[in-house]
Every structure is written in structure tokens, then in C-alpha cells.
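Here the structure is a predicted model, which means the values were calculated and not measured. When a residue number appears, it is its place in the shown sequence, counting from 1.
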Amino acid sequence: MTEETPGFEEKPDVPSGATPDDAEPKAASEEEAAPAGDASAQTAGLIAQLDQARTALSERTGDVQRLQAEFQNYRRRVERDRVAVKEIAVANLLTELLPVLDDIGRAREHGELVGGFKSVAESVETVVAKMGLQQFGKEGEPFDPTVHEALMHSYAPDVTETTCVAILQPGYRFGERTIRPARVAVAEPQPGAQTVKAETADESAAAADDKENGGPEEG
């Protein structure tokens with residue numbers, strides 16, 4: 001039988017050049033390394049979640065901006081429609097008042113616009129002017145088929161183009177809208193007048209040339 005030497009305890013094998021105390025720090029470093037790895041993984045996860053949140057925020061911001069732009073366009077369309085409806089309503093009202101204005105104009109031409117009737121007529125004219133109604137059409141202005149309606153036609157030797165020689169009914173416009181063209185009598189240049197004028201001009205020019213050259217030669 002083998003007898004154990006009293007006072008001696010068996011010790012674990014220790015690599016040469018190392019002390020038994022070296023094993024404990026190594027174990028501690030392994031325990032510290034594990035939490036550090038978990039922290040890195042958690043940080044990476046948080047960064048990924050943050051990126052996802054930023055992406056979602058960017059998408060929602062784009063949605064809000066698109067909705068805001070659509071709402072602004074809607075407001076502009078509603079405002080345009082509101083203005084257009086108002087203009088149409090005012091134009092229709094003014095159109096209904098044109099016969100009254102024609103009666104006032106005829107009464108003024110015949111000297112019948114006197115007394116209380118004159119005050120009422122002037123008030124009506126003032127109101128429609130404030131609403132934007134404008135009268136147009138004057139004698140002597142060139143005929144424009146876009147704003148004039150020719151009811152009578154004649155020839156005149158003293159005009160060089162189709163001209164309004166009489167205003168039978170004045171025209172009216174509201175803003176850029178013509179609610180009634182001016183009804184006029186027009187006159188065109190006399191047929192052959194241009195030829196006669198051209199021949200007269202040629203003769204005048206020839207006479208001037210002869211005068212500068214000392215008159216016609218005598219043969």
C-alpha cells in the first residue's frame with residue numbers, strides 16, 4: 001500500500017512556466033468578452049431599427065407633402081371655379097339690363113332724360129359701371145368683326161378701309177368678355193377709287209420729275 005505523505009495535497013497540473021493563479025484571470029476575461037459581444041449585437045439591432053424608423057418617417061413625410069400639394073391644387077381650382085361662377089352670374093345680370101340701357105340712351109338722344117327719370121337712369125348707369133360693364137363703339141373706328149356687327153353697308157370715297165360710320169347700338173363688355181357686339185353701319189372705299197388715286201399719284205410724280213429736269217423737251 002502506498003502511504004500518502006502527510007502535509008502534502010495534490011495540485012492540478014499546471015503548464016510549465018505558468019502559475020496556478022493564471023487560470024483565474026483567463027476565465028474572468030472570457031466572462032467579460034461575452035457581455036461585450038451582446039452589447040455590440042444590441043447596438044447593431046438598434047441602428048437597424050433607427051434606419052427603419054428613418055425610412056418610414058421619410059415615406060410618411062413624402063405622403064404628407066403630396067397631400068398638401070393636392071390640397072393646394074384643390075383650393076386653387078375651387079377659387080377659380082368660384083370666380084368663374086361669379087363672373088357668369090354678373091354677366092348674365094348685365095345682359096338682362098342692356099335693353100334698359102338702350103332705352104336710357106335713346107331717351108338721352110331725344111332730350112327726354114329729365115327730372116326724376118334722369119336721376120334714376122344715371123344711378124343705373126353708375127351701378128353697372130361699378131359692376132365692371134364697359135361701353136364701346138365709336139364712329140370712325142376701323143371695323144373689327146370680333147367686336148362689331150355690321151347691320152348696314154355702303155361705299156364712301158373718303159375712307160381707305162372698312163370703317164364704322166354710324167353706331168346703331170353700342171357694344172358692351174365685361175372684363176375680357178364681350179356680352180354684346182357694337183351694331184354698326186359700315187362703309188367701304190368706293191370701287192375704283194384706289195385705282196384713280198394711284199393714277200393721280202403717278203401723274204403727280206411724273207410732273208414733279210419734269211419740273212426738276214427743266215420741263216418737257218421741245219422737239
[atom2] on [Y] to [atom1] on [X], rounded to 0.5 Å:
{"X": "Q65", "Y": "D63", "atom1": "CD", "atom2": "CG", "answer": "9.5 Å"}
{"X": "E59", "Y": "T61", "atom1": "CD", "atom2": "OG1", "answer": "10.0 Å"}
{"X": "L113", "Y": "K118", "atom1": "CG", "atom2": "NZ", "answer": "6.5 Å"}
{"X": "D51", "Y": "L46", "atom1": "CG", "atom2": "CG", "answer": "11.0 Å"}

Are the side chains of [X] and [Y] in touch, meaning some heavy atoms are under 4.5 Å apart?
{"X": "P181", "Y": "V147", "value": "no"}
{"X": "I179", "Y": "R177", "value": "yes"}
{"X": "V100", "Y": "I104", "value": "yes"}
{"X": "L133", "Y": "L97", "value": "no"}
{"X": "F136", "Y": "T178", "value": "yes"}
{"X": "R54", "Y": "L57", "value": "no"}

Group every Ile, Leu, Val, Met, Phe, Trp and Tyr by side-chain heavy-atom contacts under 4.5 Å, then state whether [X] and [Y] land in the same group.
{"X": "F143", "Y": "V165", "value": "no"}
{"X": "L101", "Y": "V127", "value": "yes"}
{"X": "V90", "Y": "V124", "value": "yes"}
{"X": "M131", "Y": "Y172", "value": "yes"}
{"X": "L93", "Y": "F174", "value": "yes"}

Query - N-O pairing of D102 and R180 below 4.0 Å - result: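 Looking at R180 together with D102, the answer is yes, because their closest N to O distance falls below 4.0 Å.
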Report task. May I ask you to say whether E79 pairs ionically with R76, meaning some side-chain N is under 4.0 Å from a carboxylate O? Result ->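 Answer for the salt bridge query: no.
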**Report entry** Residue of the set K130, R108, Q135 for which side-chain hydrogen bond (donor to acceptor under 3.5 Å, both in side chains) holds with E125
**Finding:**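 One option only clears the test, and that one is R108.
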Heavy-atom pair with the smallest gap, counting every atom of [X] and [Y]:
{"X": "T163", "Y": "E141", "answer": "CG2-O, 3.7 Å"}
{"X": "P142", "Y": "E161", "answer": "CG-OE2, 3.5 Å"}
{"X": "A91", "Y": "T95", "answer": "O-OG1, 2.7 Å"}
{"X": "V184", "Y": "V186", "answer": "CG2-CG1, 3.7 Å"}
{"X": "K138", "Y": "C164", "answer": "O-CB, 4.1 Å"}
{"X": "P191", "Y": "Y155", "answer": "CD-CD2, 3.6 Å"}

Query raised in the report: Is R60 atom CZ crowded by more than 12 heavy atoms from other residues, nucleotides or ligands, each under 6.0 Å away?
Result: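 Atom CZ in R60 is crowded, with more than 12 foreign heavy atoms closer than 6.0 Å.
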Query - Residues, nucleotides or ligands: over 12 heavy atoms within 6.0 Å of Q72 CD - result: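 Atom CD in Q72 is packed in, count exceeds 12.
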Query raised in the report: Among H148, Q169, M152, which one satisfies side chain to side chain contact (heavy atoms under 4.5 Å, CB included) with R183?
Result: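 One option only clears the test, and that one is Q169.
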Report task. Verify side chain to side chain contact (heavy atoms under 4.5 Å, CB included) between D103 and R106, making sure each step is shown before the conclusion. Result -> CA-CA 5 Å; D103 292 339; R106 283 190 290 267; 2.5 Å; yes
**Report entry** Flag, side chain of S123 to backbone of S119, donor-acceptor distance under 3.5 Å
**Finding:**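 A pair under 3.5 Å: yes.
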